Structures are given as C-alpha cells and as structure tokens.
Amino acid sequence: MSTILKANNLTKIFSLGGLLSRTKITAVDHVSFTVESSEIFTLAGESGCGKSTTARMILGFEIPTSGELHYLDQNIQSVKDKKAWFKEVQAVFQNPFESFNPLRKVESYFFETVNNFHLEKNEKRAEQLIEEKLQAVGLTYHEIAGKYPGELSGGQLQRSSIARSLLTNPSLLIADEPVSMVDASLRMSIVNLFREMRDSFGVSVIYITHDLATAYYISDRIAIMFRGNIVETGSVEEVLGNPKHPYTKLLIESIPQPDPHQQPKTLIKFLEEKEEYLRKGCKFSGRCPEVMDICKKITPKDVLIDGVMVKCHLFKTNTGKSEE
Ligand SMILES: Nc1ncnc2c1ncn2[C@@H]1O[C@H](COP(=O)(O)OP(=O)(O)OP(=O)(O)O)[C@@H](O)[C@H]1O
Ligand SMILES: [Mg+2]
C-alpha cells in the first residue's frame with residue numbers, strides 16, 4: 001500500500017452571515033489524514049461536522065484557509081495542470097436527481113466527460129468506453145440510451161453517476177452520502193459497488209456518511225469527525241468495534257435498532273451547531289458523559305493508542321487512560 005492523498009492540518013474558516021461578519025467558524029479545523037491506494041477511507045459524523053467541506057477542498061471547490069493537500073508527492077494547490085488532477089479524483093454526490101439536469105439526456109453527461117478529458121477519438125470508441133463503465137456498475141448502454149433522468153430509477157441514476165465517475169480511470173473517488181437518497185432496499189448493492197471498484201480497479205474511495213452500518217461494512221479505515229475535528233481514526237474494526245472517544249461511543253449507541261420496540265440507548269441532541277463550533281477546549285465537552293474540568297479549557301491533543309488516534313483528554317499515553 002502507498003499513500004495517494006495526504007491532508008495536513010487542512011483548515012477552512014467560514015464567516016457566518018457574510019464576509020464582513022465577525023463570527024467565524026472553523027468548519028474544518030487542522031484535519032490531517034491519509035488515503036492509501038486501494039482503500040476505502042470513511043469520514044463519518046453527524047450533520048454539520050465538516051465532512052462535505054473537507055471533500056469540497058479535495059475537489060477544488062473550496063480553497064483551504066490553511067493547511068496542505070498532497071496527491072502522491074505533489075501539493076494539489078500548486079499543481080498547474082488542474083485537469084490532470086480532476087482526472088485522478090472524481091466525485092459521486094448525494095442526490096442523483098440533482099447531479100443530472102432533468103432536461104438533459106443521461107448519456108450526454110458521459111459524452112461530455114469523454115470529450116472534456118479527450119478520452120476517446122471517435123463516437124464509436126466513446127460508446128464502447130461508456131458501455132464498459134456502465135457494465136462495471138451493473139447497467140448497459142442500452143438501458144440509459146435516449147433516456148432523461150426522470151425515466152431512470154434513483155438506483156439506476158446513482159449507478160450511472162458512479163459509472164460516469166469511472167470514465168477517467170480515477171485513482172480516487174469521493175462519494176459524499178452516495179446512498180442516503182437511494183431507496184433503502186438498494187443501498188447495500190450500491191455501497192457494494194465501491195468495494196468492487198476498489199478490488200477490481202484498485203480505486204481508493206473517500207466514503208462520506210453519517211451511516212455507521214454501511215461504513216462498517218465497506219470501510220478499511222474510518223475517521224470520526226465532530227465539529228471540524230477528527231476525534232478518532234483507525235481501522236474500522238478497531239474504531240467501531242472498540243470505540244475510545246466518548247463521541248464515537250455515542251454515535252454507535254445512536255444507531256437505530258432493527259427492533260422497533262428497542263429504542264436507541266442515546267439520542268443525539270442537536271445543540272446549536274454554532275455554539276459547539278465556538279466552544280473552547282474540547283468541542284464535545286458540552287454533551288460528553290465523561291467530561292472533566294480540563295476538557296472545558298484546553299483543546300485535547302491527538303494521542304495514538306493501539307494504532308488508533310484519539311483526540312480526548314481521557315487518553316494521555318500509550319498505556320491507556322490518564323491518571324489525572
Ligand atoms: N459556504 C459556507 N458558508 C458558511 N458556512 C458554511 C459553508 N459551507 C458549510 N458551512 C458550515 O460549515 C459547517 C460544516 O458543514 P459541512 O457541509 O461540511 O458539514 P457536513 O458534515 O457535510 O454535514 P451534512 O452531514 O449535513 O452534509 C456547518 O456548520 C455549515 O453550516
Ligand atoms: Mg455534507
């Protein structure tokens with residue numbers, strides 16, 4: 001395995017209420033992580049924790065306030081040939097009905113990508129390439145030819161979106177909540193496609209979700225985000241199987257139970273998002289069941305325990321809990 005993407009202290013500050021507003025939130029706060037070749041790396045956390053902003057910086061839609069992004073040995077921000085970068089990194093978004101204009105035929109998106117990146121020289125070859133990628137996601141060209149987005153199901157449209165993202169043979173796919181708008185019965189089959197892409201084409205995937213069940217199923221490694229920080233990151237088995245950070249524990253306990261009579265043990269209370277973003281010390285201290293005095297004053301540092309990075313004052317050394 002080799003590192004293909006490295007985020008180093010990646011930070012994005014937004015002014016709330018317009019550019020001249022004095023209230024600023026650090027939507028992504030000195031976030032560091034790596035994505036290895038052929039791995040599924042998940043960014044998970046509840047709404048408004050900075051997952052999409054992180055993705056948007058990688059995709060070049062937002063400029064980082066500070067920090068760096070490296071693809072292989074290159075700093076992405078200083079890459080002159082942006083097109084080469086956009087060929088390597090492709091995106092799949094949440095709502096397939098928003099990704100496709102209802103008045104444009106679905107196939108036109110495929111031909112547009114082929115033309116933009118000069119992938120094939122003539123229409124026949126382009127069609128072969130499109131067919132190949134559609135087949136990789138369980139569709140055929142015949143099924144989409146001549147159709148408008150409204151004539152396909154949500155599942156078919158999201159598969160089309162994934163097929164289109166594969167046209168350039170990217171090394172990294174960024175999938176931001178790719179199944180949350182897809183019918184629950186189809187979710188697993190679509191999520192499975194990312195595993196197939198990893199295994200067949202060696203593609204790495206940044207999978208963004210608030211759904212820990214699919215994350216557990218497909219991820220190699222996972223990072224749990226809370227209000228702009230990665231609070232815990234490591235292998236998915238370790239982080240979700242043996243959670244250390246109180247926030248990770250809370251998220252796991254909040255997964256709805258299949259039995260409708262059994263309520264989740266803890267329901268996440270949505271506090272004012274801004275209030276948490278602006279909180280001093282640990283941003284989770286306002287609702288942490290294990291909060292200590294220090295948490296309200298000092299931002300915890302990252303501590304490595306058993307291969308898992310945890311950002312929490314409960315942990316000080318490699319031997320486990322703090323003696324304070
Ligand atoms: N352009 C913007 N201007 C101001 N604030 C923004 C902007 N984009 C995002 N934010 C704020 O940054 C924070 C993180 O937002 P982000 O969209 O990255 O969260 P998320 O984890 O993707 O959430 P969700 O699960 O709801 O998609 C939120 O408080 C959001 O309101
Ligand atoms: Mg988002």
Side-chain angles (χ1 to χ4, degrees), residues 3-16 21-36 41-71 73-78 89 172 174 176 206-208 210 221-234 239 243-248 251 271 273-288 291 294-305 307-318 322:
T3 300
I4 63 161
L5 185 83
K6 189 168 180 186
N8 193 11
N9 283 319
L10 196 63
T11 298
K12 182 71 191 182
I13 299 176
F14 287 119
S15 296
L16 294 183
S21 161
R22 288 221 201 131
T23 314
K24 293 182 165 56
I25 61 156
T26 308
V28 177
D29 189 2
H30 295 85
V31 157
S32 299
F33 60 87
T34 60
V35 180
E36 308 299 315
F41 177 73
T42 290
L43 284 177
E46 68 197 296
S47 187
C49 68
K51 305 181 294 294
S52 294
T53 305
T54 304
R56 291 171 60 77
M57 287 192 275
I58 301 170
L59 290 164
F61 300 153
E62 294 283 1
I63 297 168
T65 309
S66 62
E68 298 111 48
L69 278 165
H70 291 270
Y71 172 68
D73 288 332
Q74 273 189 312
N75 186 329
I76 296 176
Q77 286 105 308
S78 59
V89 56
L172 178 63
I174 300 186
D176 192 348
I206 297 182
Y207 176 57
I208 295 179
H210 55 258
R221 287 186 307 127
I222 188 166
I224 307 290
M225 285 188 84
F226 182 79
R227 302 297 179 231
N229 293 130
I230 289 181
V231 296
E232 181 159 359
T233 185
V239 171
K244 295 180 173 56
H245 197 287
Y247 177 65
T248 313
L251 263 189
L271 286 196
E273 200 171 290
K274 191 175 113 190
E275 190 189 317
E276 287 192 328
Y277 261 117
L278 299 176
R279 195 182 289 283
K280 274 211 176 73
C282 174
K283 292 182 178 125
F284 187 54
S285 59
R287 48 173 155 151
C288 179
V291 66
I294 188 175
C295 309
K296 296 176 191 160
K297 296 177 199 135
I298 298 171
T299 305
K301 290 197 166 63
D302 294 348
V303 180
L304 192 67
I305 301 158
V308 172
M309 191 287 292
V310 194
K311 197 181 198 59
C312 175
H313 284 300
L314 285 171
F315 302 94
K316 283 268 156 40
T317 65
N318 211 27
S322 149

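One is the number of the first residue; the rest follow in order along the sequence. Remember, predicted model here, so these are calculated numbers, not experimental data.
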**Q** Could you grab the distance from atom CD1 of Ile63 to atom NZ of Lys12, nearest 0.5 Å is fine?
**A**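 Rounded to the nearest 0.5 Å, the CD1-NZ separation comes out at 6.5 Å.
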**Q** Considering all heavy atoms of both residues, which atom of Phe226 and which atom of Glu276 are nearest to each other, and what is their separation?
**A** CZ-OE1, 3.4 Å
**Q** Hey, is the main chain of Gly45 close enough, under 3.5 Å, to the side chain of Lys51 for a donor-acceptor pair?
**A** yes
**Q** Using the salt bridge (Lys or Arg N to Asp or Glu O under 4.0 Å) rule, pick out the option among Lys311, Lys24, Arg279, Lys283 that qualifies with Asp29.
**A** Lys283
**Q** Please report the interatomic distance CD1(Ile230) to CG(Asp302), rounded to the nearest 0.5 Å.
**A**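 Spacing of CD1 (Ile230) from CG (Asp302) equals 8.5 Å.
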**Q** Measuring from atom CG of Asn8 to atom NE2 of His30, what distance do you get when rounded to the nearest 0.5 angstrom?
**A** 10.0 Å
**Q** Taking side chain to side chain donor-acceptor pair (under 3.5 Å) as the test, write out the residues that go with Asn75, two or more places apart.
**A** none
**Q** Just so I know, are the side chains of Arg221 and Phe33 near enough to count as touching, which here means a heavy-atom distance under 4.5 Å?
**A** no
**Q** Which pair of heavy atoms, one from His313 and one from Cys295, lies closest together, and at what distance?
**A** CD2-CA, 3.7 Å
**Q** Between His210 and Glu46, does the side chain to side chain contact (heavy atoms under 4.5 Å, CB included) criterion hold? Intermediate values first, please.
**A** CA-CA 6 Å; His210 55 258; Glu46 68 197 296; 5.7 Å; no
**Q** Considering non-hydrogen atoms only, spot the tightest contact between Ile305 and Lys244 and give its length.
**A**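 Looking at all heavy atoms of both residues, the shortest contact is CG2-CE, 3.8 Å.
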**Q** Flag the pair Val310 / Thr248 as yes when at least one side-chain heavy-atom distance between them is below 4.5 Å, and no otherwise.
**A**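 Result no, sub-4.5 Å side-chain heavy-atom pair not found.
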**Q** Measure the spacing between OG of Ser285 and NZ of Lys280 and express it to the nearest 0.5 Å.
**A** 11.5 Å
**Q** Under the criterion side chain to side chain contact (heavy atoms under 4.5 Å, CB included), I'd like the reasoning laid out for Arg227 against Asn229: C-alpha separation, chi angles, the key distance, then a yes or no.
**A** CA-CA 6 Å; Arg227 302 297 179 231; Asn229 293 130; 5.8 Å; no
**Q** Looking only at heavy atoms, what is the nearest atom pair of Ser52 and Asp176, with distance?
**A**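 Closest heavy-atom pair between Ser52 and Asp176: OG-OD2, 2.7 Å.
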**Q** Using side-chain heavy atoms (C-beta onward) and a distance below 4.5 Å, is Phe14 in contact with Glu62?
**A** yes
**Q** So which atom in Pro246 and which in Leu314 form the shortest heavy-atom distance, rounded to 0.1 Å?
**A** CG-CD1, 3.9 Å
**Q** Please tell me if the side chains of Leu5 and Phe41 come closer than 4.5 Å, counting only heavy atoms from C-beta onward.
**A**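 Answer no - side chains too far apart.
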**Q** Quick check for you: to the nearest 0.5 Å, what is the distance between Ile294 atom CD1 and Thr299 atom OG1?
**A**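 So the CD1 of Ile294 and the OG1 of Thr299 are separated by 10.0 Å.
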**Q** Could you check if a side-chain atom of Thr11 sits within less than 4.5 angstrom of a side-chain atom of Val28, using non-hydrogen atoms only?
**A**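 Result no, sub-4.5 Å side-chain heavy-atom pair not found.
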**Q** Keeping Tyr277 on the side-chain end and Gly48 on the backbone end, is there a donor-acceptor pair under 3.5 Å?
**A** yes
**Q** Apply side chain to side chain contact (heavy atoms under 4.5 Å, CB included) to the pair Lys316 and Val303, showing each step before the final yes or no.
**A** CA-CA 7 Å; Lys316 283 268 156 40; Val303 180; 5.9 Å; no
**Q** To the nearest 0.5 Å, tell me how far Ile25 CD1 sits from Ser15 OG.
**A**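 With rounding to 0.5 Å, CD1 (Ile25) is 9.5 Å from OG (Ser15).
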**Q** Of all the heavy-atom pairs spanning Ile222 and Thr233, show the shortest one and how long it is.
**A** O-OG1, 2.9 Å
**Q** I'd like to know if the side chain of Thr3 reaches the main chain of Thr34, judged simply by a donor and an acceptor atom lying under 3.5 Å from each other, with no hydrogens or angles considered.
**A**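 A pair under 3.5 Å: no.
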**Q** With a 4.5 Å heavy-atom cut-off, do Phe284 and Val231 have their side chains touching?
**A** no
